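All remarks here apply to the structure that follows.
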Amino acid sequence: QVQVEESGGGSVNAGGSLRLSCATSGYKAYEHCITWYRQVPGKEREAVAILDSNGYKDYSDSVKGRFTVSLDSAKNTAYLQMTDLKPEDTAMYHCAAVCGYYNGGSFFSTKVFSFQGRGTQVTVSS
């Protein structure tokens with residue numbers, strides 16, 4: 001059974017940084033994919049970053065240039081480094097064993113190996 005668990009969220013001021021972690025079990029993230037999502041109550045879930053085993057990385061337009069996704073194969077853990085955080089980045093962040101791609105500003109999933117985890121809250125104050 002594939003499981004993912006997010007951690008690393010917190011409260012920061014605008015312009016600050018955080019690094020989120022996504023630990024996986026029952027799944028070799030380095031052989032497949034990890035997608036990061038964020039969810040704000042009342043709004044549609046947004047896929048913000050994806051990393052796959054071929055080294056393909058991409059991001060939503062809203063975070064491009066500020067967020068970086070990476071993977072530590074030895075730890076089977078993915079990371080989302082977030083810099084220059086803005087109040088609009090405030091959300092619950094989730095990871096999932098999902099493969100996909102961005103096209104025309106939208107994210108399309110192609111394979112789903114797990115549901116997203118419980119998430120980790122990120123709060124950015126102005």
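Heads up: numbering here begins at 1 and tracks the sequence. All of these numbers come straight from a predicted model, not from anything done at the bench.
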Output for pair (Leu71 CG, Lys57 NZ), nearest 0.5 Å, gives 9.0 Å
On a heavy-atom basis, the closest approach of Val2 and Ala97 is CG1-CB, 4.0 Å
CG of Asn76 to CD of Glu31, rounded to nearest 0.5 Å, is 9.0 Å
Are Ile34 and Phe113 packed together at the side-chain level, in the sense that at least one heavy-atom pair is separated by less than 4.5 angstrom?
no
Within one Ile-Leu-Val-Met-Phe-Trp-Tyr cluster: Val48 and Leu18, side-chain cutoff 4.5 Å | yes
In terms of heavy-atom contacts, His94 and Gly117 come closest through ND1-O, 2.8 Å
| Is Glu6 close to Trp36 at the side-chain level, that is, under 4.5 Å between some pair of heavy atoms? | yes
Note: Ala14 and Pro87 closest approach over all heavy atoms is CB-CD, 4.2 Å
Residues Ala47 and Thr35: closest non-hydrogen pair is CB-CG2, 4.2 Å
Query raised in the report: Would you say the side-chain atoms of Arg38 pair up with the backbone N or O of Ala91, donor to acceptor, closer than 3.5 Å?
Result: no
query = If you count the non-hydrogen atoms of other residues, nucleotides and ligands that lie under 6.0 Å from NZ in Lys64, is the total more than 12?
reply = yes
Interatomic distance, SG@Cys33 vs CG@Leu51, rounded to 0.5 Å, equals 8.0 Å
Practice task
Side-chain contact test, heavy atoms from C-beta onward, threshold under 4.5 Å: evaluate it for Asp52 versus Cys99 and give yes or no.
Solution key: no
Review point. With a 4.5 Å limit on heavy-atom distance, are the side chains of Thr90 and Val122 in contact?
Key: no
Taken to the nearest 0.5 Å, the spacing of Gln116 CD from Cys95 SG works out to 9.0 Å
Using the rule given for side chain to side chain contact (heavy atoms under 4.5 Å, CB included), can you reason through Tyr93 versus Gln121, listing the C-alpha separation, both sets of side-chain angles and the distance that settles it, and then say yes or no? CA-CA 6 Å; Tyr93 284 73; Gln121 178 68 36; over 6 Å; no
Review point. Does a side chain donor of either Tyr79 or Arg19 reach within less than 3.5 Å of an acceptor in the other side chain?
Key: no
Tightest non-hydrogen contact, residues Arg45 and Gln39, listed as CB-OE1, 3.1 Å
The remaining residues in the hydrophobic cluster of Val40, counting side-chain heavy-atom contacts under 4.5 Å among Ile, Leu, Val, Met, Phe, Trp and Tyr, are none
Going by atom types alone, do Asn13 and Ser125 pair a side-chain donor with an acceptor below 3.5 Å?
-> no
Got Val69 and Tyr59 here, is their nearest side-chain heavy-atom distance under 4.5 Å? yes
Pairwise side-chain contact, Thr77 with Thr24, heavy-atom cut-off 4.5 Å (strictly under): no
Output for pair (Ser126 OG, Lys86 NZ), nearest 0.5 Å, gives 13.5 Å
Of all heavy-atom pairs linking Ser17 and Val12, the shortest is O-CG1, 4.0 Å
| message | Take a 6.0 Å sphere around CD of Glu5 and say whether it holds more than 12 heavy atoms from other residues, nucleotides or ligands. | response | no
Quiz item: Would Ser62 and Glu46 count as having a side-chain donor-acceptor pair, cut-off 3.5 Å?
Solution: yes
Fill in: Any side-chain heavy-atom pair of His32 and Ser53 under 4.5 Å
no
| Val124 reachable from Val63 in the ILVMFWY side-chain graph, under 4.5 Å edges | yes
Excluding Tyr56, membership of its hydrophobic cluster (Ile, Leu, Val, Met, Phe, Trp, Tyr; side-chain heavy atoms within less than 4.5 Å) reads Tyr37, Ile50, Val98, Tyr101, Tyr102, Phe107, Phe108, Val112
